[in-house]
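Side chains included, hydrogens not; waters and symmetry mates left out as well; all remaining heavy atoms used.
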Amino acid sequence: MHAYNRLPSSGQNSPSPPASPRRSPRLRHGRSKSGKFTPGQPPRTLAQRFAWLLLSVLLRRQGIFLFAPLLYVSGMLFYMGTVSFDVVPIIKHRPAPGSVYRGPQVYSKLQHEMDSDNSSADAISTIWKHSYKGGEWRPCINKSSGGLPESNGYIYIEANGGLNQQRTSICNAVAVAGYLNATLVIPYFHFHSIWRDPSKFSDIYDEDYFVSALENDVRVVNKIPEYLMERFDYNLSNVYNFRIKAWSPIQYYRDSVLPRLLEEKVIRISPFANRLSFDAPPAVQRLRCLANYESLRFSNPILTLGETLVARMKEHSANNSGKYVSVHLRFEEDMVAFSCCVYDGGEQEKEDMKAARERGWKGKFTKPGRVIRPGAIRINGKCPLTPLEVGLMLRGMGFDKSTSIYLASGKIYNSERYMAPLLEMFPLLQTKEMLASAEELAPFKNYSSRMAAIDYTVCLHSEVFVTTQGGNFPQFLLGHRRYLYGGHSKTIKPDKRKLALLFDNPSIGWRSFKRQMLSMRAHSDSKGIELKRPNDSIYSFPCPDCMRRINKTENSRSSSVT
């Protein structure tokens with residue numbers, strides 16, 4: 001009898017089908033039951049037979065797959081034991097965009113189109129086009145007219161750094177002395193191993209003018225009285241020295257410094273650079289403004305030569321109505337060395353920079369564990385711009401070969417090589433060494449701060465100031481120019497991260513490059529007037545602490561009266 005099927009098929013019962021064979025029909029041999037090959041099918045090779053046999057065994061004995069991972073690992077270990085790792089494969093990395101200096105290649109690509117471009121407008125006379133609806137700003141520092149109360153004692157400070165870091169120290173010292181009702185001793189300037197300038201206060205600034213300009217606000221003397229120095233054996237190193245943390249609030253001076261001042265009558269603060277917070281009460285800010293913008297005037301020799309060079313630059317710029325562009329270029333050997341950036345000078349540059357770092361900062365860059373990544377530094381916009389890059393940037397911004405350029409700088413590293421393309425792009429370029437005779441520069445030649453003061457004067461009175469690297473020099477000029485030019489800095493401050501990408505693209509076209517540069521110029525114009533935020537420097541942002549806004553109606557009324 002046939003077995004009864006419990007699962008109906010097509011609505012009726014039917015006998016169950018015979019049991020399925022154990023082998024898959026798809027894997028059956030092409031043989032007949034007699035063991036002979038089917039006619040028309042080609043005979044199989046020995047390798048094919050072995051493969052079919054192996055697959056048949058695996059499919060019949062599926063448990064063997066449990067051992068597959070073990071077999072795989074064993075095979076890999078056997079293989080690795082036969083491989084030699086003495087030779088490490090070389091992996092080539094493509095440099096990240098903006099990490100390589102390719103200025104010369106970009107210049108070579110753009111030079112022809114740049115020189116044949118006649119579409120540029122007169123950039124120097126049309127640059128400041130941003131509309132300021134709120135009107136202009138005017139200097140406004142309320143000066144005291146009454147007498148000063150009895151002094152609480154004498155404050156002696158030691159200013160360190162270069163020209164403008166020392167300037168910070170002076171202005172902050174005036175503010176602290178006024179706040180504590182103390183008498184300020186003319187600051188002493190440290191001799192620095194980098195700047196190597198032994199100049200005193202009176203060599204750089206007009207000391208008599210400084211004292212008289214502050215007479216109603218802060219007492220200033222050039223030495224501590226004899227009767228007090230006698231207590232310290234006439235040796236200032238015996239005077240108590242305060243070690244004050246950087247950016248300390250003015251309240252610290254009231255709570256910690258004033259009690260000691262009242263007790264000792266003389267205190268010393270060394271060093272004194274950046275020892276006062278930018279955020280301070282209005283009375284303290286007013287004293288900073290008074291010191292920086294009204295009381296500090298360069299000494300007569302510096303001021304005379306500086307004004308002479310300004311007049312000569314205006315003569316050279318007669319075709320632009322006496323307007324010229326000043327550029328602060330930081331491409332001296334010590335600056336390039338400190339930045340740790342790599343340019344195109346090869347092994348010679350590498351050796352020069354290594355030697356310069358050891359001279360200026362012995363051991364600082366060779367400490368164990370210190371990793372220097374020049375490519376990352378360039379991408380972050382921290383590399384000093386080369387003269388070539390500055391020239392390309394300015395030409396892209398619309399300044400043509402007829403533009404007069406004043407270059408404020410120390411001795412350019414490898415100047416014959418790096419200055420050549422800039423002079424090619426701007427043949428009317430001048431430096432203080434080109435404008436002044438050797439006899440005129442002789443009294444200042446070996447004094448870096450005095451030479452910087454001359455550059456500062458010429459840059460201050462230019463129509464356009466271009467900053468290419470951070471530092472105190474451009475920051476002070478930024479604020480001083482705002483103070484002189486209605487609150488607008490008239491300064492081009494380029495986006496160096498963006499420049500790094502553009503200068504790393506040798507295939508860029510002139511139109512595209514120029515469009516990017518004009519956009520960057522417009523951005524600098526729109527940022528020309530900015531108000532000071534809590535942690536900003538008052539020396540860069542004098543509005544609103546040192547200046548007040550004059551609306552357009554009031555401004556036009558005052559102009560008509562004049």
Side-chain angles (χ1 to χ4, degrees), residues 138-159 163-189 199-226 228-229 261 265-269 272 276 280 282-308 310 443-444 449-450 452-454 456-457 460-461 476-477 479-480 483-484 538-539 542 545-548:
R138 288 287 182 264
C140 180
I141 303 173
N142 298 321
K143 297 183 179 180
S144 300
S145 56
L148 293 171
E150 184 179 352
S151 175
N152 288 327
Y154 293 83
I155 293 179
Y156 174 82
I157 68 115
E158 297 182 5
L163 174 71
N164 290 287
Q165 189 167 324
Q166 290 171 345
R167 191 178 184 114
T168 305
S169 300
I170 296 165
C171 298
N172 288 348
V174 168
V176 168
Y179 185 77
L180 300 181
N181 186 35
T183 300
L184 177 66
V185 181
I186 289 291
Y188 170 78
F189 290 170
S199 297
K200 298 180 176 60
F201 185 96
S202 58
D203 295 322
I204 298 175
Y205 298 105
D206 187 332
E207 188 174 311
D208 292 336
Y209 183 83
F210 180 71
V211 173
S212 63
L214 293 172
E215 62 184 356
N216 292 326
D217 294 273
V218 181
R219 291 186 182 89
V220 182
V221 297
N222 58 13
K223 64 178 183 179
I224 299 171
E226 291 286 326
L228 284 176
M229 286 305 299
L261 175 66
K265 292 300 179 184
V266 182
I267 61 166
R268 180 164 62 102
I269 307 176
F272 191 68
L276 180 60
V284 174
Q285 300 293 57
R286 186 187 73 82
L287 289 173
R288 279 170 151 170
C289 297
L290 180 62
N292 188 46
Y293 299 115
E294 299 293 339
S295 307
L296 280 177
R297 187 169 72 181
F298 289 128
S299 63
N300 193 56
I302 292 173
L303 199 60
T304 300
L305 181 58
E307 290 176 346
T308 299
V310 170
F444 316 97
S449 290
R450 300 184 208 182
I454 293 170
Y456 188 99
T457 303
L460 186 63
H461 297 287
F476 266 89
L477 267 170
H480 208 152
Y483 191 77
L484 291 180
I538 199 170
Y539 309 120
D545 296 274
C546 311
M547 308 180 76
R548 71 182 181 94

* Measure from the ring center of Tyr456 to the ring center of Phe298 and say whether it is less than 6.0 Å. => yes
* **Pair Tyr483 + Tyr293: ring centers closer than 6.0 Å** => yes
So, do [X] and [Y] sit near enough that their side-chain heavy atoms are less than 4.5 Å apart?
X      : Y      : answer
Met547 : Pro139 : yes
Asn181 : Pro149 : yes
Phe201 : Asn222 : no
Leu296 : Ile170 : yes

Output yes when a side-chain donor or acceptor of [X] lies under 3.5 Å from a complementary backbone atom of [Y], and no otherwise.
X      : Y      : result
Asn152 : Leu180 : yes
Arg219 : Leu148 : yes
Arg167 : Asn292 : yes

How many angstroms lie between [atom1] in [X] and [atom2] in [Y], if you round to the nearest 0.5 Å?
X      : Y      : atom1 : atom2 : result
Tyr154 : Met229 : OH    : CE    : 12.0 Å
Ile155 : Ile267 : CD1   : CD1   : 4.5 Å
Glu150 : Thr183 : CD    : OG1   : 9.5 Å
Ser299 : Leu305 : OG    : CG    : 10.5 Å
Phe476 : Gln165 : CZ    : CD    : 9.5 Å
Leu228 : Lys265 : CG    : NZ    : 9.0 Å

Do you know the tightest heavy-atom contact between [X] and [Y]?
X      : Y      : answer
Ala175 : Leu276 : CB-CD2, 4.3 Å
Glu294 : Ala213 : O-CB, 4.4 Å
Arg450 : Pro443 : NH1-O, 3.8 Å
Ala280 : Gln285 : O-CG, 3.6 Å
Val220 : Leu214 : CG2-CD1, 4.0 Å

* Asked: Are side-chain N/O atoms of Ser449 and Ser199 paired as donor and acceptor at under 3.5 Å?
  -> no
* Asked: Any side-chain donor-acceptor pair under 3.5 Å between Tyr209 and Asn300?
  -> no
* Asked: Going by the angle between their ring planes, with limits at 30° and 60°, are Tyr205 and Phe189 parallel, tilted or perpendicular?
  -> perpendicular
* **Evaluation steps, side chain to side chain contact (heavy atoms under 4.5 Å, CB included), between Leu287 and Val218** => CA-CA 9 Å; Leu287 289 173; Val218 181; 4.2 Å; yes
* Asked: If you measure from the Lys or Arg side-chain nitrogens to the Asp or Glu carboxylate oxygens, is any gap between Asp545 and Arg288 under 4.0 Å?
  -> no
* Asked: Passes side chain to side chain contact (heavy atoms under 4.5 Å, CB included), Ile157 versus Ser169? Steps please.
  -> CA-CA 8 Å; Ile157 68 115; Ser169 300; 4.3 Å; yes
* **SG atoms of Cys546 and Cys289 less than 2.5 angstrom apart** => yes
